[in-house]
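Computed over heavy atoms, backbone and side chain alike; hydrogens, waters and symmetry mates excluded. Here is the naming used below: chain letters follow the sequence lines, and residue numbers restart at 1 for every chain. On a predicted model such as this, the values are computed, not experimentally measured, just so you know.
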Number of protein chains: 2
Amino acid sequence: MRPRLTDVAEAAGVSMKTVSNVVNGAEHVREETRQRVLAAIDKLGYRPNIAARNLAQGRSGVIALAVPQLDRPYFASLAARMLDEAEAFGWIVQFHQTGGRREAELALLTERHPARLDGIVMSPLGLTAEDVRNRDPALPLVLLGEKAGTEHHADHVGIDNREAGKVATEHLLELGRRHVMALAPGPRMDDERINGYRDALVAAGLPVDEDIVLATGGLRGQDAERTLGDWLDSGNPAPDAVFAATDWLAMGAIRALVLRGLRVPQDVAVVGFDDIPYDLATLPTLTTVAPDRVAIARLALQALRDQRPQSEPQRLQAPFSLVVRESTTGIG
Amino acid sequence: MRPRLTDVAEAAGVSMKTVSNVVNGAEHVREETRQRVLAAIDKLGYRPNIAARNLAQGRSGVIALAVPQLDRPYFASLAARMLDEAEAFGWIVQFHQTGGRREAELALLTERHPARLDGIVMSPLGLTAEDVRNRDPALPLVLLGEKAGTEHHADHVGIDNREAGKVATEHLLELGRRHVMALAPGPRMDDERINGYRDALVAAGLPVDEDIVLATGGLRGQDAERTLGDWLDSGNPAPDAVFAATDWLAMGAIRALVLRGLRVPQDVAVVGFDDIPYDLATLPTLTTVAPDRVAIARLALQALRDQRPQSEPQRLQAPFSLVVRESTTGIG
DNA sequence: GCGCTGCATTACAGCGCTGTAAATCGAGCG
DNA sequence: CGCTCGATTTACAGCGCTGTAATGCAGCGC
């Protein structure tokens, strides 16, 4: 049988509560008493019963991280960092996959599921601003990512997408490229990244040609491959650079280019966005915007911890960096 | 305030325990009573308090999934499936990253951490057979993957690596390739996959040339790229096919080949192993052995559920399939 | 020597649920 | 109509912990 607080108390010759105080690092325990208790804990191999503690405290020590899919590399690496960082906050992280479906995301917010959560970090896709506003105010919520609109009604952590898009595009311009195409999933999505692209062009005194801002209609590599492929096959002149709003799109774009005999980066330089872990084994490796995921995780957890029911939504920004690899500067 | 069992009981005019029975789907509840209780639950918006239930039952409903790193795509997709499947078992999955370090893996087994776990599913890297044998017999454990030795002392779920290696190699032979190289992390690792490669050669009446079974010395794409690159640069004749023990190695191999002017698959066909999610956006896309991760997850959870302290270790096999893509059959 | 102050410790009542054992109900039977 | 037996329901005692309030005790000033 597992030893309990009372067993330790008996062994140390103190009350149960004193042991509890030692375990929880409370003040007002004489050093000598503390040592005696610690010795007893050690001797008996005592470990607190979390369920009992949770019941008594009315909190669970569990937060949820909800992402569309855990096996998408961006989310997997975010989840990994979140796990690392949550330890320091004393939180257990429970992952949820929403598939990006509104009802799944909503279900978490409205706590239709049984476990009591101390908070939720969510990367929303289907949620509306309305949904966020109507949530249970007692359940701390931090949003991640770029689902427009929602972020105004809850704490939000992200990077400065516009600035990042600008930096990525500037890198292409600095390489001497002048016909830079932009590739994004849809007309509305990742607007800010594309706005940053436009900013860079304008700042360089170049025209913004909206005809070479292409919407792929989807997030997958194939979507970008088809979109860019069709565009090239229609006799349009190849750009000398592509800024893709995500790495997947960049990889699809590279496929489309290479399959048509264009060399990357000699003929067309390509920049991606997200720094997903495979970027290192592809040919060419991908120059990309790398969000600081450790910072994102840490900021999100801090915001969650510090949130109060009545507090104004905060918008927090994590740093990012441009990682230059073969797809813009070549191999070797 | 959240409604409790007693609140529902009062509203429905029955005892607390009857409500508990309804919530837990116990038999011997009259249909009319059940309906009355369900109505009350619905009206009050009752949700059970998990902490209290856990305390009363002495179990937590939480199992751990321990993998080296969650952001490695193989583990990320495994974790995703595990999350899906665990729902059906009524389990919450808590992820742990061990970094492959023995002490981290051991810490989970010896329950040095506070949360009471109902079981552990672990993909071990550092653990010794001894460690597994000495574990707490009260804590159900299921091992995944191929860490030699450990699997004899606990339930184990994997695929038939030898057969899979054989199937992958046979695919290359069927394409008419005759100089098939094998690439594995080390002399001891993934032996079975390479044994399957040998089996296929022998079955085809071909010699097994151990000089073209290369050890990369590491798991990363770069390791394979360097190993194969050095080998080619030393004037060795290029193989006409490569069987790589993991997708990462395959991707590195492709880099080494293409950078030296060899075409994949025209000059050299490449097969990987694992079916990590990026295989679709690379150029060429990768032919690979795809373990049935849903089956792995389900078998592991079943084994965990059915495990008894004294039961003999079981070895369970999940199916796999060969996914043929561009790296062996070409583009288009 | 006495009351006061503040640190250290304790007693005890729950937190919300489930298992057990006992109570109650109701149909079938003689 | 009373009795038996299984179906249904209930009372109640914890599960192991923490919060609150109360108690013990040493040192201090007067």
A:Glu105 vs A:Arg102, salt bridge (charged side-chain N to carboxylate O under 4.0 Å, His left out): CA-CA, chis, key distance, verdict = CA-CA 5 Å; A:Glu105 296 175 348; A:Arg102 172 164 173 259; over 6 Å; no
Anything under 3.5 Å between a donor and an acceptor, one on a side chain of residues 62-71 of chain A, the other on a protein residue two or more places apart or in another chain? List them.
{"residue": "A:Gln69", "atom": "NE2", "partner": "A:Asp71", "partner atom": "OD1", "Å": "3.2"}
{"residue": "A:Asp71", "atom": "OD2", "partner": "B:Arg81", "partner atom": "NH2", "Å": "2.5"}

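- You'll find that the side chain of B:Gln57 is closest to C:dG19, out of D:dC15, C:dC15, C:dG19.
- Look at CD1 on B:Ile50: it is 13 Å from C1' on C:dT18, rounded to the nearest Å.
- Rounding to whole angstrom units, CD of residue A:Glu31 and C1' of C:dA8 are separated by 14 Å.
- Considering only side-chain N and O atoms, B:Arg4 lies under 4.0 angstrom from the phosphate OP1 or OP2 of C:dG16.
- Contact check for A:Phe320 versus A:Asn161: no side-chain heavy atoms found under the 4.5 Å cut-off.
- In this structure, A:Leu5 atom CG and C:dT10 atom P are separated by 12 Å, rounded to whole Å.
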request  = Go through the steps to decide whether B:Val142 and B:Leu301 satisfy the test side chain to side chain contact (heavy atoms under 4.5 Å, CB included), and finish with yes or no.
outcome  = CA-CA 8 Å; B:Val142 173; B:Leu301 294 172; over 6 Å; no
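- Residue A:His28 has its side chain nearest to C:dT9 when only D:dT18, C:dC15, C:dT9 are considered.
- The phosphate of C:dT9 (OP1 or OP2) has a side-chain N or O of A:Arg30 nearer than 4.0 angstrom.
- If you measure from atom CG of B:Asn49 to atom C1' of C:dG14, you get 13 Å, rounded to the nearest angstrom.
- A straight line from CZ of A:Arg53 to C1' of D:dC15 spans 16 Å, rounded to a whole angstrom.
- Atom CG in B:Asn54 sits roughly 21 Å away from atom P in D:dG14 (whole-Å rounding).
- Side-chain contact of A:Asp131 with A:Thr128: a donor-acceptor pair under 3.5 Å is present, judged by distance alone.
- Nearest heavy-atom pair across B:Leu109 and B:Asp136 is O-CB, 4.3 Å.
- In this structure, the side chains of B:Phe75 and B:Gln97 stay at 4.5 Å or more apart for every pair of heavy atoms.
- Look at A:Thr33 and you'll find a side-chain N or O under 4.0 angstrom from OP1 or OP2 of C:dT9.
- Proximity of residues 15-25 of chain B to DNA chain C (heavy atom under 4.0 angstrom from any strand atom) is restricted to B:Met16, B:Lys17, B:Ser20, B:Asn24.
- Atoms CZ (A:Arg59) and C1' (D:dC17) sit 13 Å apart, rounded to a whole Å.
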